[in-house]
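Here is the structure we will look at, set down as structure tokens.
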2 protein chains.
Amino acid sequence: MKDCGTCPIQHRAVCSYCDADELVELDQIKYYRSYDAGQPVLWAGDHMEFVASVVEGIASLAQAMEDGRTQMVGLLLPSDFIGRPGRDLAPYNVVAVTNLTLCCFRKKPFEELMARTPHLASRLLEMTLDELDSAREWMLLLGRKTAHEKISSLLAILATRDAALRKQKPADGAAFDLPLTREAMADYLGLTLETVSRQISSLKKRGVIELKGKRRVVVPDFARLLGETGDDVDGGMIS
Amino acid sequence: MKDCGTCPIQHRAVCSYCDADELVELDQIKYYRSYDAGQPVLWAGDHMEFVASVVEGIASLAQAMEDGRTQMVGLLLPSDFIGRPGRDLAPYNVVAVTNLTLCCFRKKPFEELMARTPHLASRLLEMTLDELDSAREWMLLLGRKTAHEKISSLLAILATRDAALRKQKPADGAAFDLPLTREAMADYLGLTLETVSRQISSLKKRGVIELKGKRRVVVPDFARLLGETGDDVDGGMIS
DNA sequence: GCGCTGCATTGATCAGGATCAAACGGACAC
DNA sequence: GTGTCCGTTTGATCCTGATCAATGCAGCGC
């Protein structure tokens, strides 16, 4: 994998396979955008004039029903990609969960570049397939896991992704910040915020996690946390 | 869209944008396979030596937990695509729900063809994005809808797809066959088969649907069925 | 200090679906 | 015919998580 110079994080997301020339082109059509926590990035139905990758912070994709029920359908951490070449309208609400910086590429030139760059296109396909896999993992969680297992799964996911950002494996005793409010976790998991709060309290009481303040989580024994998720614990990553 | 001659249905799925030359190449690497209802096509973790499109019948993708809980994560109707270029191992169990005929393409040559055929690659990306969208729609269903809304949504989806196979819009009074057992519907919806059965009985009692035998469904008023789904009824398709 | 606001926790109660159990009905073999 | 098998329906009961409600707690402006 190449180091992409002035734009390391987001270029890793979209062009880890592309050549120097394409990097230069990408550099020419990119621009940065920042959002405050809670600020909407896109509403469902908006015209999307850019695709983007997350540089810093967290964004969520969510679907809402008319009566206010909402379900988060995507959680975008640094290096994740927003947008869909070939589509014009945003299919979901995109909201900045924390302060957020995006590296945006104007859609038209990006698509043109993609059409000329097989590696970029196949990288996009690969990323989309990864997203599809994680969506399907998520479906198992929503459809079949108990509240208990849902919370444990979410904590395990966050701990893993947090460690991955530092290029580490999740380790016993590792600490990370909960980037989501109880309500956002509830929307992620298909629960109410009260249930989320209760389950977190229960995990704390049973010593599976420790809380430093309300947001910092310490996982003394990562394998034990995994044991609470209901997942196949030794299940190797399937590529 | 081209008519693909000897192989109309499945070619429409994978190569509606490709040229005659590519059609010929696809023809050379294809072969058919049939499965009986209930028969497994692939187990999670199997090596996949082919990609395929569904010619006739229905297949399901499902994830299973160790204790037997299972969640369907994909329902493949004629013209849907199975397999992922670039991946070696099947990520889910694939099972023939009804008698099933696949048109298979050996994976290696298919991938080589794809690498040389931008249109084929971008068509694949488009199809994958569609799948991602429907997975996310499904997540809303699993996370936030009531049993009642879930059943109605499933019936609406099946009615719509059934009509689409005949190139029609779902019409009032249209009838279609329920291709799934109560248990398969339960796995689709994240419910138990008893709840599925009760909800169907309730819809029947209230006159939203009629049952001819156990499998044939008549929808006298399609808009009324849609009204039971909890979905934004006038919500246009977002592309 | 005060009150206000936004998130989180905790409690009491309720209800939607799960679970356990029995019975039904059609297809099929004999 | 009888019996069995499988998918389905229906009933009775239980329990998980939703709902309604009160309280806690930290940050912040005044």
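Keep in mind the model is a prediction, meaning the values are calculated, not measured. Every chain is numbered from 1, with letters handed out A, B, ... down the list of sequences.
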Looking only at D:dG17, C:dT9, D:dT8, the nucleotide nearest the A:L191 side chain is D:dG17
Heavy-atom donor-acceptor pair, A:E194 side-chain to D:dC20 base, under 3.5 Å = yes
For B:L193 and C:dC20, give me the distance from atom CG to atom C1', rounded to whole Å.
-> 12 Å
Please tell me if the side chains of A:V217 and A:L158 come closer than 4.5 Å, counting only heavy atoms from C-beta onward.
-> no
Parallel, tilted or perpendicular: rings of B:Y31 and B:F50 (30°, 60°) | perpendicular
Please check the phosphate of D:dT9 (OP1 and OP2 only) for any side-chain N or O of B:S197 closer than 4.0 Å.
-> yes
Of the listed nucleotides D:dG17, D:dT8, C:dT10, the one nearest the side chain of A:S201 | C:dT10
Looking at every strand, decide which applies to A:G190 at a 4.0 Å heavy-atom threshold: base, sugar-phosphate, or nothing.
-> sugar-phosphate
Given B:R216, B:R215, B:R161, the one that forms salt bridge (charged side-chain N to carboxylate O under 4.0 Å, His left out) with B:D177 | B:R216
Got a salt bridge between A:K145 and A:D231, using NZ or NE/NH1/NH2 to carboxylate O under 4.0 Å?
-> yes
For A:T192, which contact category applies under a 4.0 Å heavy-atom criterion: base, sugar-phosphate, or nothing?
-> base
Under 4.0 angstrom, heavy atoms only, what part of the nucleic acid is A:R215 near: base, sugar-phosphate, or nothing?
-> sugar-phosphate
Starting from the 5' end of DNA chain D, give me the residue, A:K214 or A:T146, whose nearest nucleotide shows up first.
-> A:T146
Of A:I200 and B:T195, the one whose closest nucleotide on DNA chain C sits nearer the 5' end is A:I200
Is any N or O donor-acceptor pair between the side chain of A:R198 and the base of D:dT19 shorter than 3.5 Å?
-> yes
Nucleotide of D:dG17, C:dG17, C:dT9 approaching A:R182 most closely (side-chain heavy atoms) = C:dT9
